[in-house]
Amino acid sequence: MTAEALPAPRAAARPLSRIFAGAAGPVAVVVLALLAVWYVAAVLANWSLVAEAFARGGIPATFGDVLAGTLGGERPVLPAPHQILAELWKTVVDTPVTSRRSLVLHGWVTLSSTLLGFAIGALTGIVLAVAIVHLRMLEKSLMPWIISSQTVPILAIAPIIIVVLGSIGIRGVLPKSIISAYLCFFPVTIGMVKGLTSPDVLQRDLMRTYSASVADTLWKLRLPASVPYLFASLKVAVAISLVGAIVAELPTGAQAGLGARLLAGSYYGQTIQIWAALFAAAILAAALVAVVGMVERLVLRAMGARR
Amino acid sequence: MTATLLLLAAVFAGAAAALGHVHRPGVAGEAGLAFWLATAGLWLLATVAVSRLARLEPRAPAARRVVDAAVPLAFGAFLFFLWEVIVVGAGVPAVLMPAPSAIAAKFVASLPTLGADFVQTFVKSVLSGYAIGCTAGFLTAIVADRVPFLKRGLLPLGNFVSALPVVGIAPIMVMWFGFDWPSKAAVVVVMTFFPMLVNTVAGLSAAGPLERDLMRSYAAGYWTTLLKLRLPAALPFVFNALKINSTLALIGAIVAEFFGTPVVGMGFRISIEVARLALDMVWAEIALAAIAGSLFYALVALAERGATFWHPSYRQ
């Protein structure tokens, strides 16, 4: 009793130490340190470029002028964080969504193929896992090929799939989604096979004593038992689904999407644009994983999981 | 047992006959209904044969191993057979999907090109980037493990970065390090760093409290405990990261080449030949990537088997 009551006032007296005992404090410190390093690196990386520009113009530049130049240049070697945030703000908030410069438009193009690919891939993965668990032949013959399919750099096949599907008349969002789906079915299959076989012998024997059919065992025992595994793999799957969609936009010179934005930025040396697209992709990835995590919590609570 | 083997032999003979038949001038591209029916029948027969083979449980461990290897091999071989027969028999244009035989012929014919691409992409970019990235991740993990504050701050970040599309940094790396292989190696370094960091940190806490207490009672210091207990206990996690990274590294290098390369390299060749619709060359390049990726993975797995022979998953 006393042991539980005692620490509370101490923690309240020193809230700082409580923050730093968790993850939030250290993460914040590390992020701040990274930002500081970033600013220093931006100054160092852009210094010679800016100093040269001043010298070429014949303008006598003070130390402060060059410093300001390194953090506010048009095409810096390494843009400073605030420049990237300003570009993000400009292309997300200040630009109408219909404009070709709007990151919301490009993000939506990538997001739509990500989501379609994720849906196709997750469904394929679940169906494959159910088949593998029930058919011994598939487990032995298909499983090794599924695993070795991942040692192949699938992303390298992306251009072929897009060109082949394009030449038989399928264009737009579907070819990109197929690449996303190809990438994300694998973790789902592996996770679901693990999850579907997670009920132990006792539980399966109980189902047998109820004389439950294979379908009943699947619906009432195997599938509910596999839900935690499913969500763990869905989080991985949605992240690589986004990677697939972005990379699928690269080799074919897509007109819209975050990948196209990266490519255009690299052609014209627009470093700030590249970094802004990267940040947008990172934010999108984090949001997708967070949404899957939220659905996971809701589903698990609805299923009566102890949390 | 004998019935299954006979069935397999029959399927094999049938497949060989179909392969020989389909390449004949009158059949290639205009195979008749009878041919497709025969192929479908062969497919059914093959399914039966493979599922019977999968159900075999020979007593002798050696025979069992042979069967376990034969099932996926037979399955894969039949997939390639179907691919060849359908593409040649239906006359699918090579622009859409070349036949495996055409890809193999192209592979053999362009060995010098493939070799140069392999050296550029795999030996130079992938291997150097992989070595640097994994070593850096490993050392950072040890430092982070020593400083708990850093560990609590870095680990969530590392997990976060693992979910990000890291390949996107490729254009920046190309700008910084030029068109040649160092920029690709840099992408590979960043891609492999975080999985290694996260896995090694997790592995370093894998040693149980009992073992650690034992080391304490031996009066072992930090370094002795690290070298003799905690690093060996972390090896399965480290090898897990090495395996994940072996595929990530190849993807990173190939994708980075889409952003600009000298005129050699697997990613360069793929993007240039796709534009020329020379799909047989693209597939040959992909076959090369698949072989290199699988061999790399297999080598790491073999090293793992040797280094962590004590782990429960390898005990018989």
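Excluded from the calculations below are hydrogen atoms, water molecules and symmetry mates; all remaining heavy atoms, backbone and side chain alike, are included. Just so you know, these numbers come straight off a predicted model, no measurement behind them. Numbered from 1 within each chain, the chains take letters A, B, ... in sequence-line order.
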- Please flag which part of B/I169 lies under 4.5 Å from any non-hydrogen atom of chain A: side chain, backbone, both or neither. both
- Shortest non-hydrogen contact from B/P165 to A/L242? CG-CD2, 4.3 Å
- Atom of B/M175, atom of A/G265 and distance for their closest heavy-atom approach: CE-O, 4.1 Å
- Task: Under the side-chain contact (heavy atoms from CB on, under 4.5 Å) rule, what do B/V167 and A/V243 come out as? Steps first, then yes or no, please.
- Result: CA-CA 8 Å; B/V167 279; A/V243 175; 3.9 Å; yes
Taking distance alone, no hydrogens or angles, what donor-acceptor pairs closer than 3.5 Å link side-chain atoms of residues 28-40 of chain A to residues at least two apart or in another chain?
residue, atom, partner, partner atom, Å
A/W38, NE1, A/P79, O, 2.9
A/Y39, OH, A/H82, ND1, 2.9

- For B/T47, is it the side chain, the backbone, both or neither that has a heavy atom under 4.5 Å from a heavy atom of chain A? both
- Message: With a 6.0 Å cut-off (strictly less than), is the heavy-atom count around CH2 of B/W43, excluding the residue itself, greater than 12?
- Response: no
- Just how far is it from atom OG1 of A/T271 to atom CD1 of B/I172, taken to the nearest 0.5 Å? 8.0 Å
- Task: Could you have a look at A/V289, A/L135, A/I274 and say which one has the most heavy-atom pairs with chain B under 4.5 angstrom?
- Result: A/I274
- Looking only at heavy atoms, which two atoms of B/P156 and A/V27 are closest? And how far apart? CG-CG2, 3.6 Å
- Item | Within 6.0 Å of CZ in B/F107, more than 12 heavy atoms from elsewhere | yes
- Task: Drop me the distance from A/L183's CG to B/I251's CD1, to the nearest 0.5 angstrom.
- Result: 6.5 Å
